[in-house]
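Since the model is a prediction, treat every value here as computed from it, not as a measurement.
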Amino acid sequence: MTETSDVWTGKASSYDRARPTPPPALLDLLTQLIHLPHPALVVDLGSGTGLSTAIWGERAEQVIGIEPNADMRNEAVRNVEGHPYAAHIEYREGLAHQTGLPDGCADIVTAAQAFHWMEPTATLAEIARILRPGGLFAAYDYDSPPAIHWELDWLAQEGSLRLVELVRERGLAQSFKIWPKNKSLDPLRESAHFRFTREVLLHHIEQGDAARFLEMMQSSALSHQFQFTKQEIGFDHLRQAALQHIGSEPIPWYFSYRVRIGIK
């Protein structure tokens, strides 16, 4: 069994370049829901390269990113250098179910594109422990790929299905554990840690060229971990389509975010 976070070793810079930054509306939504425009402490679990952490620098008095992978965490530390609110941003080594933070310290806890990597029972118990009464937990993910062109979407879906099938055929499925993304509201509701739960949809637009699109699609944990050839997963066809439909000039990418929320 591979340590889950190990799949990102060596991918931090590529991940940071290609992946989107969460939409500003997310911060507006989460702070409005608990009537707290400037939270004292936000904790970001599985914070990676800090894309979902540093956005809180201006809004929160303090934000702490918890990340077990050293490469990702070091990239986050480098990225925060020169940030206008760097004094508000901190990164620590830790696990989602073992943060090392005190009881009831956090106003908001987030898990961005990461909750499906976390064992839900122990993680939600830890989140409930560090959240103050009335605090908020949000697990959010974006649909991938972003909406750009139908053929890119189709080829990416075909590639993902082929990738999963290859993992099963070669008996690699037990190498590490991933929980379902599309059911992540269920454990929140079933945990009894939250008085209220719901899912909210947000939309966000970023600009990107073909090179960024291809780098983002290659940043999949499965393709990185098992080193399948581009032909095996159809990436050669996806590359041709990206060059044809996006090219070297950035165009709009339309992201849909699914935000699962629990109020303690």
Over 12 non-hydrogen atoms of neighbours within 6.0 angstrom of [atom1] in [X]:
| X | atom1 | answer |
| --- | --- | --- |
| Gln32 | CD | no |
| Arg162 | CZ | yes |
| Glu58 | CD | no |

Least distance between heavy atoms, [X] atom then [Y] atom:
| X | Y | answer |
| --- | --- | --- |
| Tyr91 | Ala54 | OH-N, 3.9 Å |
| Pro24 | His204 | CD-CE1, 4.1 Å |
| Ile205 | Pro252 | CG2-CB, 4.0 Å |
| Leu152 | Ala242 | CD2-N, 3.4 Å |
| Ile55 | Ser52 | CG1-O, 3.7 Å |
| Arg212 | Gly208 | CD-CA, 4.2 Å |

Do [X] and [Y] come close enough that some side-chain heavy atom pair is under 4.5 Å?
| X | Y | answer |
| --- | --- | --- |
| Tyr142 | Ser256 | no |
| Pro22 | Gln113 | no |
| Met72 | Glu67 | yes |
| Pro20 | Tyr257 | yes |
| Phe213 | Trp253 | yes |
| Val200 | Ile261 | yes |
| Phe235 | Met217 | yes |
| Ser219 | Arg19 | yes |

**Request:** Evaluate side-chain contact (heavy atoms from CB on, under 4.5 Å) for Thr53 paired with Val80, printing each intermediate quantity in order.
**Result:** CA-CA 10 Å; Thr53 314; Val80 85; over 6 Å; no
Taking atom [atom1] of [X] and atom [atom2] of [Y], what is their separation to the nearest 0.5 Å?
| X | Y | atom1 | atom2 | answer |
| --- | --- | --- | --- | --- |
| Thr110 | Leu26 | OG1 | CG | 8.0 Å |
| Arg73 | Ser47 | CZ | OG | 8.5 Å |
| Asp16 | Leu51 | CG | CG | 4.5 Å |
| Leu136 | Ile263 | CG | CD1 | 4.0 Å |
| Leu95 | Thr123 | CG | OG1 | 9.0 Å |
| Ile251 | Ile246 | CD1 | CD1 | 5.0 Å |

**Item:** Remaining members of the apolar cluster that contains Met118, side-chain heavy atoms under 4.5 Å
**Value:**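 Traced through the cluster, Met118 reaches Leu41, Val43, Leu45, Ile64, Ile66, Leu101, Val109, Phe115, Leu124, Ile127, Ile130, Leu131, Phe137, Leu185, Leu188, Phe194.
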**Asked** Quick one: hydrophobic cluster around Tyr85, which other residues, with the 4.5 Å side-chain cut-off, linked directly or via members?
**Response** none
[Y]/[X] salt bridge by N-O under 4.0 Å criterion:
| X | Y | result |
| --- | --- | --- |
| Glu126 | Arg129 | yes |
| Asp71 | Lys11 | no |
| Glu199 | Arg189 | no |
| Asp28 | Arg59 | yes |
| Glu75 | Arg78 | yes |

**Request:** Carefully, step by step, assess Ile108 and Val63 under the rule side-chain contact (heavy atoms from CB on, under 4.5 Å).
**Result:** CA-CA 9 Å; Ile108 294 174; Val63 55; over 6 Å; no
**Message:** Strictly by salt bridge (charged side-chain N to carboxylate O under 4.0 Å, His left out), give each pair with a member in residues 133-156 just once, sequence neighbours left out.
**Reply:**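 For residues 133-156: Asp141-Arg260, Asp143-Arg258.
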Quick one: does [X]'s side chain have a donor or acceptor within less than 3.5 Å of a partner on [Y]'s backbone?
| X | Y | answer |
| --- | --- | --- |
| Lys264 | Ala128 | yes |
| His97 | Ala122 | no |
| Glu206 | Thr21 | yes |

**Asked** Between Glu165 and Leu161, is a side-chain contact (heavy atoms from CB on, under 4.5 Å) present by the stated rule, with each step listed?
**Response** CA-CA 6 Å; Glu165 188 59 33; Leu161 292 172; over 6 Å; no
**Request:** Could you go through the side-chain contact (heavy atoms from CB on, under 4.5 Å) check for Arg92 and Glu90 one step at a time?
**Result:** CA-CA 7 Å; Arg92 299 184 185 180; Glu90 179 183 352; 2.7 Å; yes
**Message:** Ignoring hydrogens and geometry beyond distance, is a side-chain donor-acceptor pair present between Asn69 and Thr9 at under 3.5 Å?
**Reply:** yes
**Message:** Side chains of Ser248 and Asp209: any donor to acceptor distance under 3.5 Å?
**Reply:** no
**Request:** Please identify each residue that fulfils side chain to side chain donor-acceptor pair (under 3.5 Å) with His149, with sequence neighbours left out.
**Result:** His245
**Request:** Give the cluster check for Tyr254 versus Tyr140: same hydrophobic cluster or not, with ILVMFWY residues linked at side-chain heavy-atom distances below 4.5 Å.
**Result:**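 Per the 4.5 Å side-chain linkage, Tyr254 and Tyr140 are not co-clustered.
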**Request:** Can you sort out the partners of His203 under ring-ring contact (aromatic ring centres under 6.0 Å, His included), two or more places apart, ordered by chain and number?
**Result:**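 None.
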**Request:** Please collect all ring-ring contact (aromatic ring centres under 6.0 Å, His included) contacts where either partner lies in residues 11-60, sequence neighbours excluded, each pair once.
**Result:** Trp8-Tyr15
